[in-house]
Number of protein chains: 2
Amino acid sequence: MDAKSAEQSVHRNASERGLPPRERILLAARALFARHGVHGIGVDAIAEAAGTNKMTLYRHFESKDLLVAEYLRGLTVETSAIWCELETAHPDDPLAQINAWLCRIAHHAEHGNESGCALASASMQITDPAHPGRKVIEAHTRQHRDKLIQLCRASGLAEPEQLADQLFLLVEGSRATWQTVGDDHPGAALATLAAGIIASHRR
Amino acid sequence: MDAKSAEQSVHRNASERGLPPRERILLAARALFARHGVHGIGVDAIAEAAGTNKMTLYRHFESKDLLVAEYLRGLTVETSAIWCELETAHPDDPLAQINAWLCRIAHHAEHGNESGCALASASMQITDPAHPGRKVIEAHTRQHRDKLIQLCRASGLAEPEQLADQLFLLVEGSRATWQTVGDDHPGAALATLAAGIIASHRR
DNA sequence: ATTAAATGTTACTACTGGGTAACATCGAGT
DNA sequence: ACTCGATGTTACCCAGTAGTAACATTTAAT
C-alpha cells in the first residue's frame with residue numbers, strides 16, 4: 001500500500017494538474033504501460049494514477065484496448081516527431097540523420113525511456129491479432145522501415161535497401177534485448193555496431 | 001465451443017497419449033504459450049489440451065509461473081541441442097556453423113515455429129522482474145551471445161566480438177519484428193543480410 | 001486380492017479486472 | 001439563480017483465473 005500510494009503521488013505530480021483528464025489519463029497510461037506492460041496494469045490503477053477514476057476513463061475511451069491503441073498511437077507520433085526534428089537539424093544530409101537517430105536511441109536507451117522500445121515491447125505483448133493496437137504497430141513499423149530505406153537510398157551508400165534492413169533489425173534487436181541483459185548488453189554499443197555496418201557500405 | 005473442442009482434440013493428438021502427464025502438459029504448454037502468449041492462456045486450458053486436468057498439473061508444477069519457467073527451460077535446451085547438432089555437422093568449421101544456424105532460423109521462421117522466437121516473445125511478455133522465468137531467459141541470452149562470440153573468434157574473421165553482436169542483434173531483431181510485419185518482413189532476408197555483414201568482416 | 005501411488009472429478013475459494021448504472025457534485029455560461 | 005455538461009463516487013455485475021480440498025477412480029506392484 002505504501003509503495004502504491006507513493007507511486008500514485010509521483011504520477012499525480014507527473015500529470016500536471018492543469019491538464020484535462022483525458023491527457024492526464026494518457027500520461028499515466030504511458031508511464032504505467034511502459035513500466036508494467038500492457039497486460040500488467042489495470043484501468044483502475046491508470047485512472048488512479050491520473051488523479052481520476054475509472055468512470056471518467058471510460059467516458060473518454062471506449063475500452064482498455066482502445067486506450068492501449070491510443071497510447072501506442074502517441075508513441076508513434078512521438079517517434080515521427082523525432083524524425084522531423086532530425087531532418088531539420090541535418091537538412092539534406094541523410095547519413096547525418098541516420099547517425100543522429102542511432103545516437104539518440106542509444107542515449108535514450110541508457111535512461112530507459114525510449115518510445116520505440118515501448119512500441120516493440122507492446123508489439124510482443126499483444127498476441128491477439130484483432131487487438132486495435134496491432135494495426136497501429138504494424139503501420140508504424142512499415143512506415144519506419146520505409147523511412148530508413150528512403151534515407152539510405154538518399155545517402156548514396158551501396159546497397160541501400162540491404163543496409164536499411166540491417167540497421168532496422170539491429171535497432172529492433174537492441175530494443176528487444178534491452179531488458180533481458182544488464183549493463184553489458186550488446187545494445188550499449190549500438191552506435192558502434194551500426195557504424196561498422198554503415199562503413200562496410202561505403203563505396 | 002466447436003473451435004475449442006477442435007483445438008483441444010488437435011492438441012490431444014499432438015500430445016501422444018502414451019506419454020506421462022507431465023510431458024503431455026509440457027507439450028501442451030509449449031504449443032499454447034507459443035500461440036497465445038504466456039499471459040494469454042490459463043492453466044485450465046493447458047491441462048485440458050494435455051488431456052488431463054488442473055489438479056494433476058498442480059501436482060507436477062508448483063505454480064503457473066514455475067510451469068512457464070520450465071517451458072522456457074525446455075526452449076533453451078532445444079536451442080542448445082541445435083548448436084550441438086550444428087557442431088557435429090560442421091566440425092572445426094565455425095563459420096559454417098554460423099551460416100547453418102542462420103539458415104535454420106530463417107527456415108524455421110518461415111514455418112512459424114522457432115524456439116528462439118518464443119523465448120524472445122516470452123521475454124518481453126514477462127514484465128515482473130521476480131518471475132522465475134526471467135533468470136532462465138537471462139542465462140540463456142548470455143550463454144547464446146557467448147557462443148556466438150566464441151564462434152566468431154574461432155572463425156578468424158575481423159573484429160569477432162563486434163561481428164557477434166551484430167549478428168546477435170540482427171537475429172533478435174528479426175525475431176522481434178517477425179509477427180509485426182507480414183510476408184515482406186525484413187527477417188525473410190535474414191540470411192542475406194547476415195551474409196553481407198559477415199562478408200564485410202572478411203580480412 | 002490388496003495396497004498404495006498416481007490420476008481423474010467436482011466443487012469450491014479468493015481475487016482480479018473489465019465494464020456499467022445510479023446518483024451526487026462541481027463549474028462555467030446564460 | 002439556474003442549467004447543463006463534465007466529473008466524482010459508490011456500488012455493483014460478470015467473466016476469467018490461480019490455486020485448493022475432498023473424494024473417486026484407475027493402475028501397477030506385491
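Chain letters run A, B, ... following the sequence lines, proteins first and then strands; every chain starts at 1.
Not a single salt bridge (Lys or Arg N to Asp or Glu O under 4.0 Å) links B:Glu62 to another residue, sequence neighbours left out. Every residue two or more places apart in sequence or in another chain was checked for a ring-ring contact (aromatic ring centres under 6.0 Å, His included) with B:His60, and none qualifies.
No side-chain donor-acceptor contact under 3.5 Å links B:Gln162 and B:His201.
Among residue pairs with one or both ends in residues 65-79 of chain B, those qualifying as side chain to side chain donor-acceptor pair (under 3.5 Å) are B:Arg30-B:Glu78, B:Asp65-B:His131, B:Glu70-B:Arg73, B:Thr79-B:His140; sequence neighbours excluded. For residues 120-130 of chain A, the pairs satisfying side chain to side chain donor-acceptor pair (under 3.5 Å) are A:Ser121-A:Gln125, with sequence neighbours left out. Applying the side chain to side chain donor-acceptor pair (under 3.5 Å) test to every pair with at least one member in residues 89-108 of chain B, sequence neighbours left out, gives these pairs: B:Glu85-B:Arg104.
Per the geometry, CD1 belonging to B:Ile46 stands 11 Å off P belonging to D:dG19, to the nearest Å. Going from atom CZ of B:Phe61 over to atom P of D:dG19 covers 13 Å, rounded to whole Å. Here the C1' atom of nucleotide C:dA11 and the CG atom of B:Asp44 are 12 Å apart, to the nearest Å. The distance from atom CG of A:Leu32 to atom P of C:dG17 is 12 Å, rounded to the nearest whole Å. In this entry the distance linking OH of A:Tyr58 with C1' of D:dT7 reads 17 Å, nearest Å. Going from atom CG of B:Leu57 over to atom P of D:dA18 covers 10 Å, rounded to whole Å. Rounding to whole angstrom units, CD of residue B:Glu62 and P of D:dA18 are separated by 16 Å. Atom-to-atom, CG of A:Leu66 to C1' of C:dG18 comes out at 13 Å; the value is rounded to the nearest Å.
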Original post:
Which letters describe nucleotides 4-9 of chain C, given B = protein heavy atom under 4.0 Å from base, S = only from sugar-phosphate, - = neither?
Top reply: ---BBB

